[in-house]
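A short write-up of the structure that comes next.
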Amino acid sequence: MSRLKLGLFDSGVGGLTVLHQVLKRHPNHSYIYLGDTARVPYGERNPREIRSIAGEAISWLRNQQVDALIMACNTTNALAYDIALKISGVPVYGLIDSAARCIRAKRVGVLSTAATAASRAYTLQIHRYSSQTQVIEQACPAFVPLIEIGNFQDPRLRIAANLYLAPLLAANVEIIMLGCTHYPLLEPLLRQLLPSHIQLLDPARALSKRLDQLLGIPKRTVHNSINSSKDLAVCRFCVTAASETFAKAAINFIDYEPLVEVVSLRSESCSH
Ligand code: DGL
C-alpha cells in the first residue's frame, strides 16, 4: 500500500490524542495536523461560528492535498460533519459515528464540550445503532481551557471533574465516552474518581480501526508506544497562533520535539 497523506484538525492539543491512536495503528503514512490555537476553545462558541471555523480548517487541509480527512474534534464533528463531506473532496472519518457503532450498553454517559452536548449528536448517533440505550450528555466547559494550559495538577480540574461525573454516576452509567478529544489527557484523573466497573471509552480507538478500510489492516499493531513508528510516520504540525504548550504536548505523543509551523487560514475562508 502506498503512503497516503491524512489531514487532522482540532482547536488545539486535543486532536493529538487522535493522532496518537491513529499512528499506533497506521504508522506508515503521512499526517498533517492543524491546531486552531488562535480560536481555542471551540466548545463555547455558537453553532454558526463553529460551522464557519470548521469550513476554514477543512478548506485549508483540502488545499494541502490530503487523501482523507479525520475530524479530530468532536465539536466540529457534531456541528459541521456535513460541511466536511461537502467540501473536503476526500473520505471523511468522524469520531462520533465511529464510537456510536461500538455501543451495546444500557446506559452511557458522554463528557463533551457545551456545543457538542447541546447538539445531542452522541445521543442521535448512538440511537441509530442501539435505540434502547439511555445516553446522558454532560457538558464540561471548564476542562479545555485548563487542559490547554497543560498543568494537570491544577486542583480546579479535580473539582470540575467531580462536578461533571456526579450526574453520570447518579444515572449508574456503564460506559463513559470521552466525547472531546482533549479529555483522554484527563484519563488518569477520571480513572481515580470512577469505580473500576465503569469503562472509559476513547472514540479515537474505534476511528483508528475504521481507517483499516482505507489504509489496510495493520500487519502488526504497535502497542502503547509509538517510538518504533517515529521513523516511519511523517507528521507535519501547524497551528494558527504560536503556542509553547502545543509543542510540549506533542512531545508526549510523538516522542520528539516537532517543528510547529504557524499558518493562516484566512485566505481559505468561505461561508456555509
Ligand atoms: N477537542 C475538541 C473537541 O473534541 C474541541 C474542544 C474545544 O476547543 O472546546 O470537541
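All ligand and atom numbering here is 1-based and tracks the order in the structure.
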Review point. Any N or O of A72 that comes nearer than 3.5 Å to an N or O of ligand 1?
Key: no

Check your understanding: Is a salt bridge present between R236 and E261, judged by a nitrogen-to-oxygen distance below 4.0 Å?
Key -> yes

Practice item. Measure N74 to ligand 1 on non-hydrogen atoms and call it side chain, backbone, both or neither using the 4.0 Å cut-off. Key: both

Point to revise | H182 N/O to ligand 1 N/O under 3.5 Å | key: yes

Point to revise | Neighbour count above 12 (heavy atom, 6.0 Å) for R120 CZ | key: no

Practice item. Could you find the nearest protein heavy atom to atom 9 (O) of ligand 1 and give me its residue, atom name and distance? Key: G43 N, 2.8 Å

Point to revise | Numbered atoms of ligand 1 (with element) below 4.0 Å of C180, judged on heavy atoms | key: 1 (N), 2 (C), 3 (C), 4 (O), 6 (C), 10 (O)

Exercise for review: Would you mind listing which atoms of ligand 1 come within a distance below 4.0 Å of any non-hydrogen atom of T113?
Suggested key: 6 (C), 9 (O), 10 (O)

Exercise for review: For residues H26 and G216, report the shortest heavy-atom separation together with the two atoms involved.
Suggested key: CE1-O, 3.4 Å

Practice item. Could you verify whether a donor N or O on one side chain and an acceptor N or O on the other, from E137 and S112, lie under 3.5 Å apart? Key: no

**Study point:** Distance flag, aromatic centroids of Y164 and Y183, threshold under 6.0 Å
**Key:** no

Check your understanding: Taking only heavy atoms of T75, which atoms of ligand 1 are found under 4.0 Å from at least one of them?
Key -> 3 (C), 5 (C), 10 (O)

Review point. Is T181 touching ligand 1 with its side chain, its backbone, both, or neither, if touching means heavy atoms under 4.0 Å apart?
Key: both

Revision key, fill the gap. When distances are taken from atom 2 (C) of ligand 1, the protein heavy atom at minimum range is D10 OD1, 3.0 Å

**Study point:** For atom 7 (C) of ligand 1, the protein heavy atom that lies nearest, with its residue and separation
**Key:** Y42 N, 3.2 Å

Review point. Are a donor atom and an acceptor atom from the side chains of D97 and Y81 found within less than 3.5 Å of each other?
Key: no

Review point. Is the number of heavy atoms from other residues, nucleotides or ligands under 6.0 Å of R107 CZ greater than 12?
Key: yes

Practice item. Answer yes or no: does atom CD of E244 have more than 12 heavy-atom neighbours from other residues, nucleotides or ligands under 6.0 Å? Key: no

Check your understanding: If we only count N/O pairs under 3.5 Å, is S11 in contact with ligand 1?
Key -> yes

